[in-house]
Amino acid sequence: MAKHIFVTGGVVSSLGKGITAASMGHLLKARGYKVTMQKADPYLNVDPGTMSPFQHGEVFVTDDGHEGDLDLGHYERFIDESLSRESNFTAGAIYQSLITRERRGDYLGGTVQVIPHMTNAIKDRLTRIVEQSGADIVITEIGGTVGDIESLPFIEAARQFKMSKQHGDVLFVHVTLVPYIAAAHEVKTKPTQHSVKELRSIGVQPDFIVCRSDHEIEQGVREKIALFCDVKVDNVLSCVDETSIYKVPLNLHEQDFDTKVLDALGLEAKPIDISDWRDYNDKMDKLADKPVNIAIVGKYVSLPDAYLSIMEALIHASVFHGRKIQTHLIDGEQLVESELDKTLGIMDGILVPGGFGKRAFEGKITAINYARTNNIPFLGICLGLQAAVCEFARNVVGMKDATSGEFAEEIKEAGGGEIEFPVVDLMPQQEDIDNMGGTMRLGSYPCKVAEQTHAMAAYGEPVIYERHRHRYEVNNVFREKLCEAGLVVSGISPDERLVEMIELKDHPWFVACQGHPEFKSRPTRCHPLFRDFVGASITHCGS
């Protein structure tokens with residue numbers, strides 16, 4: 001029977017519950033246990049698929065096509081397991097399922113309530129992931145902060161779930177803030193005390209407390225927290241800010257967090273091997289000082305979390321090559337033609353990420369044109385591929401104002417007419433889909449890679465799989481004309497109907513893909529496209 005660990009947070013949000021949970025998962029997996037992870041989000045959206053990245057950060061896509069919370073990306077990168085739609089659920093999804101059942105008459109006219117109906121539905125999700133994954137240990141992070149009204153049903157469900165299990169089958173780990181007050185020259189435990197008091201008032205006693213701080217947590221402070229929070233002093237752990245999130249598992253391991261958790265669960269502390277993780281961190285500490293400058297030209301640049309997996313994939317590649325990367329988030333709307341030499345000319349590589357909508361699209365095309373005509377290494381992702389095709393069609397093939405059918409309505413509203421060259425458009429079978437949450441190409445899809453291309457040099461395999469999140473495709477009506485002009489289709493769907501990757505022959509490194517390779521990059525196994533893009537950028541850098 002699987003063991004369960006619930007991770008809750010207190011005092012403030014953005015404490016790092018996800019990193020703490022993922023670090024624990026990494027250590028327990030390294031001990032030889034099959035681990036899976038899950039995020040329970042209290043918000044009423046069914047999933048983050050239609051939420052603005054300005055509010056929520058990136059949407060992480062799983063192999064089976066679930067649009068999930070960005071913490072799933074941290075989970076996958078730390079435990080190196082592909083997660084599924086069972087790994088993320090929201091209050092909105094739970095309510096939706098309950099209302100659907102109520103409308104169908106499943107409750108036979110009974111009153112539907114938060115307790116027991118919502119809490120039972122949450123507990124069902126806790127058991128379903130065990131059946132789906134076959135995991136020995138399930139780590140469930142409960143989003144939000146203890147005391148938030150929307151989190152209460154989730155914590156109550158977790159409390160009930162523990163009561164239904166044998167002693168030692170369920171643990172609670174509480175992550176809390178221990179702030180440093182400069183005027184007093186000391187860290188303060190009172191926020192943690194109140195947070196745990198709030199948690200205990202709703203029936204949950206934490207087994208472990210992980211103290212987040214920007215200052216060292218001395219033994220005396222841990223003893224004070226243990227005394228007031230009724231937790232063993234050895235189970236109060238320090239998690240001080242690190243230069244990299246990938247150092248957190250090593251920090252917790254040094255405090256025997258993994259062996260203590262396994263002992264509390266009644267499981268054997270099998271031998272552990274985290275040498276590859278140590279090697280990765282050692283390499284990160286020894287990166288060559290001269291940075292490689294990479295521009296990320298997008299529209300969500302005011303919130304770096306909107307491109308979180310891309311940033312992490314670049315870090316993985318930088319460690320592989322032993323070179324520091326300096327990323328520059330550039331708003332596509334702010335690019336000025338007369339100043340491109342100042343903004344993009346100093347870059348060693350240009351990356352155009354995915355996104356939706358016309359805003360900043362012209363700026364992305366401007367950046368791609370600059371990369372193409374100045375031989376700067378370029379990587380396009382999703383909308384980045386579509387923008388690259390539009391740029392090539394306009395400036396090489398001569399298709400004036402070539403653009404995407406996605407923007408047809410916006411162009412009409414702005415006083416324009418029909419799009420003459422929709423080089424990117426809906427496929428015929430997609431035209432009747434209006435549900436924004438019902439994106440057709442979602443999840444992992446196969447791609448045939450062409451020989452003697454940069455893509456083949458990167459992947460080294462004739463068939464690869466990447467995760468997708470889009471509806472629009474390269475329009476086959478124009479494909480032949482684009483290829484005749486020099487566009488190379490280096491990746492294509494097995495039935496040869498969909499363009500998956502494009503590149504240019506007479507360019508040092510110019511590759512774009514319709515999928516999202518960043519989702520599959522791992523610290524100790526960087527994604528081949530990011531690896532070769534950064535390698536080409538280092539070459540362009542001149543050293």
Side-chain angles (χ1 to χ4, degrees), residues 1-8 16-40 60 62-64 66 68-89 125-143 158 161-162 165-166 168-175 207-208 210 237 239 245-278 280 312 519-525:
M1 184 170 293
K3 306 283 188 174
H4 290 259
I5 302 171
F6 292 99
V7 179
T8 58
K17 295 192 306 296
I19 300 299
T20 302
S23 299
M24 182 166 38
H26 178 84
L27 295 173
L28 296 179
K29 183 184 177 183
R31 289 281 182 186
Y33 291 95
K34 183 170 176 54
V35 177
T36 195
M37 301 191 66
Q38 187 178 51
K39 176 74 180 290
F60 190 84
T62 58
D63 279 339
D64 62 355
H66 175 71
D69 184 84
L70 59 80
D71 273 314
L72 267 65
H74 288 312
Y75 301 164
E76 285 205 3
R77 288 186 283 270
F78 275 65
I79 69 173
D80 197 11
E81 298 281 347
S82 291
L83 301 179
S84 72
R85 62 182 62 254
E86 294 299 334
S87 301
N88 189 205
F89 61 95
R125 299 299 293 259
L126 303 175
T127 55
R128 271 165 48 181
I129 195 169
V130 177
E131 296 165 1
Q132 181 263 339
S133 66
D136 301 314
I137 301 171
V138 177
I139 301 173
T140 302
E141 176 191 350
I142 298 176
F161 189 78
K162 181 175 183 177
K165 300 294 181 180
Q166 296 294 319
D169 282 352
V170 178
L171 294 181
F172 280 89
V173 176
H174 191 53
V175 182
D207 300 282
F208 292 87
V210 177
L237 298 107
C239 192
I245 58 174
Y246 300 114
K247 294 180 184 292
V248 176
L250 301 180
N251 174 18
L252 294 175
H253 176 62
E254 288 169 4
Q255 299 176 71
D256 299 320
F257 189 31
D258 43 320
T259 55
K260 292 171 183 176
V261 166
L262 289 171
D263 181 61
L265 292 172
L267 296 174
E268 176 190 359
K270 302 174 186 177
I272 189 170
D273 181 7
I274 50 175
S275 55
D276 59 342
W277 204 261
R278 291 189 188 280
Y280 176 84
E312 294 302 316
F519 293 149
K520 296 180 72 173
S521 188
R522 304 288 182 260
T524 56
R525 193 175 64 258

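For clarity, every value in this text was computed on a predicted model and none was experimentally measured.
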Could you tell me which non-hydrogen atom of [X] sits nearest to which non-hydrogen atom of [Y], and how far apart they are?
{"X": "D69", "Y": "D71", "value": "OD2-N, 2.8 Å"}
{"X": "A22", "Y": "I79", "value": "O-CG2, 4.1 Å"}
{"X": "S23", "Y": "L252", "value": "CB-CD1, 3.9 Å"}
{"X": "S87", "Y": "L72", "value": "O-CD1, 3.8 Å"}
{"X": "A135", "Y": "A2", "value": "O-CB, 3.5 Å"}
{"X": "P523", "Y": "Y280", "value": "O-CE1, 2.9 Å"}

Between [X] and [Y], is any pair of side-chain heavy atoms under 4.5 Å apart?
{"X": "L28", "Y": "L262", "value": "yes"}
{"X": "F89", "Y": "Q38", "value": "yes"}
{"X": "R31", "Y": "L267", "value": "no"}
{"X": "M1", "Y": "Q166", "value": "no"}
{"X": "E141", "Y": "H74", "value": "no"}
{"X": "I139", "Y": "V35", "value": "yes"}
{"X": "M37", "Y": "F78", "value": "no"}
{"X": "V173", "Y": "F257", "value": "yes"}

In Å and rounded to the nearest 0.5 Å, what is the [atom1] to [atom2] distance from [X] to [Y]?
{"X": "H66", "Y": "N88", "atom1": "NE2", "atom2": "CG", "answer": "4.0 Å"}
{"X": "E268", "Y": "Y33", "atom1": "CD", "atom2": "OH", "answer": "5.5 Å"}
{"X": "M24", "Y": "I137", "atom1": "CE", "atom2": "CD1", "answer": "9.5 Å"}
{"X": "L265", "Y": "K3", "atom1": "CG", "atom2": "NZ", "answer": "6.0 Å"}
{"X": "K165", "Y": "L171", "atom1": "NZ", "atom2": "CG", "answer": "13.5 Å"}
{"X": "T36", "Y": "E86", "atom1": "OG1", "atom2": "CD", "answer": "10.0 Å"}

Test item: E76 side-chain N/O and K520 main-chain N/O as donor-acceptor pair under 3.5 Å: no
Parallel, tilted or perpendicular: rings of W277 and H26 (30°, 60°): tilted
Verdict with supporting geometry, R522 and D276, salt bridge (Lys or Arg N to Asp or Glu O under 4.0 Å): CA-CA 12 Å; R522 304 288 182 260; D276 59 342; over 6 Å; no
F6/K162 under side chain to side chain contact (heavy atoms under 4.5 Å, CB included): CA gap, chis, key distance, verdict: CA-CA 10 Å; F6 292 99; K162 181 175 183 177; 5.7 Å; no
Residues S84 and Q132: side-chain donor-acceptor under 3.5 angstrom: yes
